[in-house]
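A note on names: the letters A, B, ... follow the listed sequences, proteins ahead of strands, and every chain is numbered from 1.
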There are 2 protein chains.
Amino acid sequence: MTNPVDSRSGKRRQASWTQDPEGVRRDILEVARAEFVENGLSGARVDDIAAKTATSKRMIYYYFGDKEGLYRAVLEGMYDRIRSFERSLDLDTLAPEEAIRRLTEATFDYHIDNPDFVRMVMVENVHHARHLRASRTIADLNSSVVDVTRRIYERGIAAGLFRPGLEPLDISLTISALSIYNVSHRATVGQVFGYDMCTPEALARRRSMTVAAVLGMLRG
Amino acid sequence: MTNPVDSRSGKRRQASWTQDPEGVRRDILEVARAEFVENGLSGARVDDIAAKTATSKRMIYYYFGDKEGLYRAVLEGMYDRIRSFERSLDLDTLAPEEAIRRLTEATFDYHIDNPDFVRMVMVENVHHARHLRASRTIADLNSSVVDVTRRIYERGIAAGLFRPGLEPLDISLTISALSIYNVSHRATVGQVFGYDMCTPEALARRRSMTVAAVLGMLRG
DNA sequence: TGATAAATGTACTAACCGGTTCAATTGGTC
DNA sequence: GACCAATTGAACCGGTTAGTACATTTATCA
């Protein structure tokens, strides 16, 4: 981390500093993530981000061009993370029903553990995914989860456990919907129903219900 | 609708106008809804809203106090609407499984038909439901759907069709999650998977899958 | 060691934007 | 028809905010 400002003696222009491009970049990205997640794109303030950084606003524009460039970088980082999570899934050796259960639970837990990602996706949806579209990371591996799901599903059909005729992508999206909701709508549900979906007890209940819903849908 | 501005002859101060408080209010609310839904709270511009109105910015502040007051009014209006939708449900005469099917389909369709509501709820969740909390309309009937769900569920248990032990609220939330997702995440899903969840065919598929998931969960 | 490129800090600005001031006009009421 | 409250218009303002100009320091490498 750079140490650019001599906290005492306002007179001294600045203490000497060591260059650390990667550190500065990371620092900015971490702060920016928190701010965008909390305030959205238009709600976040570049000056606030800069202030919470060990560096200055100048660096934000130096590395990321403009506010949207910074936002895009944060967004890409988050999608990179979930992609690597998806790649880490190894369910081909499990029985179909058990594999679906594990996939569902892992997805469910991932969203609970990464509320920042969920909120960022919400923000991006408000913007009609405009920045995702403008990002490089789209064409890349976009659907490893769908492949995982497809393989499990097909094994399940072959074993006579699942009914045929469903789209693997739709199955994935059902799991996603039920997992994301707990985080994305926690606030309004909490307010309207006086119910916190994210207490350990509520989560345990909702997790098993989610598995039941997905399996129930597959069994038809 | 007021007709405040004489489009020709910039010299003329203003043509005469007739008072229409309710009309002006409605006009502002409609424009504001579109703007907030499209740009979020911080993204929306009061000047833009005013420009698209038949009246002036002055009226916004006259009737709604400030930008957040206007936002709150829009939000409340939308919750009023969905509450009346919920009240219109009359499912107590149907067999439990058919009632759940109808409830699920009606909820599903409501969200498809009211994307503005879905987007507004998203925006409000980004703000941690702060404005919903600050609103009057909270303490009112907050859970008529949950009551509907509870009655169906209990009848289903009594008939030996549904497994016991579930929370009616959780059932409602499952239906809600699967219904909202199609609209709320349409953009990112479309971008990441190249899949539009809202084509008629996709919707038909997802609708029946949603019913299957909910019924599957209830049957256990 | 000296030249060049990369990285960083400071101070500034121009536009934007939520909100206000001041005054005028309307419509009901006695 | 005169008075008063409700309603509306036009111009304006001060703080905020994204973005920049310019100078300076650090690292690289021949």
Side-chain angles (χ1 to χ4, degrees), chain A residues 1-29 31-32 35-36 38-74 131, chain B residues 1-7 9-29 31-32 35-36 39-74 131:
Chain A
M1 213 68 13
T2 59
N3 178 19
V5 175
D6 188 54
S7 50
R8 301 156 302 204
S9 75
K11 232 164 219 161
R12 293 267 305 122
R13 304 294 296 170
Q14 74 214 33
S16 68
W17 41 271
T18 59
Q19 290 187 178
D20 179 15
E22 276 317 300
V24 170
R25 240 187 129 84
R26 245 200 330 276
D27 182 20
I28 293 174
L29 278 174
V31 173
E35 290 291 306
F36 284 131
E38 191 56 32
N39 307 108
L41 172 53
S42 36
R45 299 289 158 234
V46 177
D47 284 303
D48 291 355
I49 295 173
K52 293 178 181 174
T53 296
T55 63
S56 67
K57 185 160 66 158
R58 178 69 184 77
M59 289 296 93
I60 292 175
Y61 288 94
Y62 183 69
Y63 283 119
F64 301 100
D66 58 9
K67 190 186 184 184
E68 294 212 357
L70 177 57
Y71 174 89
R72 236 180 292 126
V74 170
H131 314 91
Chain B
M1 214 70 11
T2 59
N3 179 18
V5 175
D6 187 56
S7 48
S9 74
K11 233 164 220 163
R12 294 267 303 121
R13 305 294 295 168
Q14 75 215 33
S16 68
W17 41 273
T18 60
Q19 292 186 177
D20 180 14
E22 276 317 300
V24 170
R25 239 188 129 85
R26 245 199 330 276
D27 182 21
I28 293 173
L29 279 174
V31 174
E35 289 290 307
F36 284 130
N39 307 109
L41 172 54
S42 35
R45 299 289 157 236
V46 177
D47 284 302
D48 290 355
I49 295 173
K52 294 179 180 173
T53 296
T55 63
S56 67
K57 185 160 67 157
R58 179 70 184 75
M59 289 294 93
I60 292 175
Y61 289 94
Y62 182 69
Y63 283 118
F64 301 100
D66 58 9
K67 191 186 184 184
E68 294 211 357
L70 177 57
Y71 174 89
R72 238 180 290 125
V74 170
H131 313 91

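Computed from coordinates, the B/Y62 OH to C/dA23 P distance equals 18 Å when rounded to whole Å. In this entry the distance linking CD1 of B/I60 with C1' of D/dA10 reads 15 Å, nearest Å. Summarising the geometry, the separation between CE on A/M59 and P on D/dG19 is reported as 16 Å, rounded to the nearest angstrom. Here the C1' atom of nucleotide D/dT8 and the CZ atom of B/R25 are 15 Å apart, to the nearest Å. Distance CD1 (A/I49) to P (D/dG19): 11 Å, rounded to an integer number of Å.
Remark: B/F36 pairs with B/Y71 by the ring-ring contact (aromatic ring centres under 6.0 Å, His included) rule, at least two apart or across chains.
Between B/T55 atom OG1 and B/R25 atom CZ the span is 12.0 Å, to the nearest 0.5 Å.
Proximity of A/K67 to A/I60: side-chain heavy atoms (C-beta onward) are nowhere separated by under 4.5 Å. Contact of the B/L70 side chain with the B/I49 side chain is registered, since non-hydrogen atoms from C-beta on lie closer than 4.5 Å.
Scanning both residues, B/A50 and B/S56, for their nearest heavy atoms gives CB-C, 4.2 Å.
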Expected string for nucleotides 12-22 of chain C under the B/S/- scheme (protein heavy atoms, under 4.0 Å, primed atoms plus P, OP1, OP2 as sugar-phosphate) is -----SBBBBB
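Applying the 4.0 Å criterion to OP1 and OP2 of D/dG9, one finds that B/S56 has a side-chain N or O inside that range.
The side-chain hydrogen bond (donor to acceptor under 3.5 Å, both in side chains) contacts involving residues 40-51 of chain A comprise A/D47-A/K57, where partners must be two or more places apart or lie in separate chains.
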